[in-house]
There are 2 protein chains.
Amino acid sequence: MAEPSPVAGEARDGRCHHDHQVSCTSCRLAPLCLPLALETGDLEQLESIIQRGRPLQKGEHIYQEGQAFTSVYAVRAGSVKAYRYADDGSEQVTGFYFPGEILGMDGISRNRHASSALALETSAICEIPFERLNELSTRIPSLQRHFFQLMSQEITEDQELITLLSKHSADQRVAALLLSISARNARRKLSATAFRLPMSRADIGNYLGLTVETVSRVFSRFQKLGLLSVDSKEIAIADVALLRDAASGTLST
Amino acid sequence: MAEPSPVAGEARDGRCHHDHQVSCTSCRLAPLCLPLALETGDLEQLESIIQRGRPLQKGEHIYQEGQAFTSVYAVRAGSVKAYRYADDGSEQVTGFYFPGEILGMDGISRNRHASSALALETSAICEIPFERLNELSTRIPSLQRHFFQLMSQEITEDQELITLLSKHSADQRVAALLLSISARNARRKLSATAFRLPMSRADIGNYLGLTVETVSRVFSRFQKLGLLSVDSKEIAIADVALLRDAASGTLST
DNA sequence: CGCCTGGTTGAGAATCATCAACATCTGTGG
DNA sequence: CCACAGATGTTGATGATTCTCAACCAGGCG
């Protein structure tokens, strides 16, 4: 892949004069990513281990399956898709990550990443070296607890996805994904009813265990039924109640 | 549900004179459940917080969805099914746990159990109070790391299940489950080729996102093709290579 | 002995995948 | 600025896999 063009004076050496070094204390995502009641000194310590790299371009990897695991990552801006390869070599999308969310925790158990992660659009990522986080956790119990909680949450979310895949129709799966993205937007004080999907239809289908065609048909049907208005990747939820019905399988039509 | 009959003088008051108090040091599952290079003193400390209850009868719950989360649990004998309720009230089996495996970690994030767990047969369970484990972890870094790894492993396994549900046929799913159980048996030095399934066909189907009928048909077909010999819950893998082919979707017939 | 749960097998129906054609969007280079 | 090519998305027709409904069988327990 070609180097991204250095537009707008964007440096390519990992140092530029934009705001890559926003501190956690001033980051408006901190309440999502680190909802902690840390002592001032503690937060500074945590702050000191977090590294912020240059923005990633669309399609660039944060890490790849099989690479040595060193860090977990927090999305600061943009969005990320995580995926792994099935035994037959086909891709399986395992999750989408938005600002304030943490990824990479599946690498801890074997000390190598069990999945790959790539930027779906230009994104900013904070890197949190795991060994140093571990050390810090032994000194700051609430931080240890927080990371246990984050991992547990990941487990819970995966189990919800399992339920979705196991028992739900194409309509229900798509509706559930849209509601999930809507809720995560709301958490960031963005519109819960109008947003742009950063991922392709293929990614959505792959994530939900459906083909591209089925995803496309569901979008069309939802639009026809007045649940959504769809303009390629721009989605507007026209009737949340109906969309909830669709997600729970109680949609009349 | 009726009280289980107190056969063989089994006490029902939580105290009996059998070997409930086997220590971790002498437990032959310790290398699976606690593969740690702990100092002698450390192991004693860990030992001291682990509680062993009376054996659970088939159908008894270890914990239920929504209950306050206090502990994680290690299976010492028997087997356990974990499940949660989908929004429509239907059951979703999220995992099966065998001796040496740890369950209950999904409860950490919200301080309540996100799933229920029940004994599929008479089982012995070790309870590990989480708060005390947390304290201990801050003093024993390798223990902290071990629990991060266990949770990460749970995430990885869930993601493998997601892949299985998302992209694989009924044959592939059933084959994969059988191979998983086989491998876990081997880990415990039991037969990798002949075992008794502790769960019902309904549980298998539920776990794999299939109906009972489909599971039953797959078993019959596998038997007809000479991959397995099936006698209700007794399974003998007749041809591992073919079963692997079935799991990967490269089975010729 | 008979009931009830759990399991198997069959026939038909439904959902979703596949295959194929076409439309649209994006970015590139003329 | 436009034309073009490749990628992405939509829509339709057909077909396969799995679900649903139903009957039947086997084993365990009162």
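Residue numbers start from 1 in every chain, and the chains themselves are labelled A, B, ... in the order their sequence lines are given, proteins ahead of strands.
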*Will you find, in the side chains of Q92(B) and S166(A), an N or O donor that is under 3.5 Å from an N or O acceptor?*
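Distance-only check passes for Q92(B) and S166(A).
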*Does the side chain of S169(B) pick up a donor-acceptor pair with the side chain of D171(B) at under 3.5 Å?*
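Side chains of S169(B) and D171(B): no pair found under 3.5 Å.
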Tell me: [atom1] of [X] to [atom2] of [N], nearest whole Å?
X	N	atom1	atom2	answer
R221(A)	dT15(C)	CZ	P	9 Å
Q223(B)	dG7(C)	CD	P	15 Å
R201(B)	dA26(D)	CZ	P	15 Å
L164(A)	dC16(C)	CG	P	12 Å
L165(A)	dT18(D)	CG	P	15 Å
D171(B)	dA16(D)	CG	P	16 Å
K233(B)	dT8(C)	NZ	C1'	15 Å
N206(A)	dA17(C)	CG	C1'	14 Å

*When you check the phosphate oxygens OP1 and OP2 of dT9(C), does a side-chain N or O of S220(B) lie under 4.0 Å from one of them?*
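For dT9(C), OP1/OP2 do have a side-chain N/O of S220(B) under 4.0 Å.
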_With a 4.0 Å cut-off on N to O distance, would you call K233(B) and E121(B) a salt bridge?_
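Not counted as a salt bridge, because no side-chain N and carboxylate O are separated by less than 4.0 Å.
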*Could you check whether S232(A) gets within reach of a base, just the sugar-phosphate, or nothing at all, counting any heavy atom under 4.0 Å?*
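The residue S232(A) makes no contact with any strand.
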*Quick one: does R201(A)'s side chain have a donor or acceptor within less than 3.5 Å of a partner on S232(A)'s backbone?*
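The answer is yes, because a donor-acceptor pair under 3.5 Å joins these two groups.
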*asked:* For DNA chain D, which residues of residues 208-217 of chain A approach it to below 4.0 angstrom with any heavy atom?
replied: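 Within residues 208-217 of chain A, the residues near DNA chain D are E213(A), S216(A), R217(A).
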*With K167(B), which of N206(A), D88(A), D87(A) fulfils side-chain hydrogen bond (donor to acceptor under 3.5 Å, both in side chains)?*
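For K167(B), the side-chain hydrogen bond (donor to acceptor under 3.5 Å, both in side chains) check succeeds only for N206(A).
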*For DNA chain C, whose closest nucleotide is more 5', that of D231(A) or that of H168(A)?*
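Its nearest nucleotide lies further toward 5', so the answer is H168(A).
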*At their closest point, which heavy atom of S71(B) faces which heavy atom of E127(B), and how far apart are they?*
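The pair with the smallest heavy-atom distance is OG-OE2, 2.7 Å.
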*Between Y63(A) and Y73(A), is the gap from one ring center to the other below 6.0 Å?*
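Yes - the distance between ring centres of Y63(A) and Y73(A) falls below the 6.0 Å cut-off.
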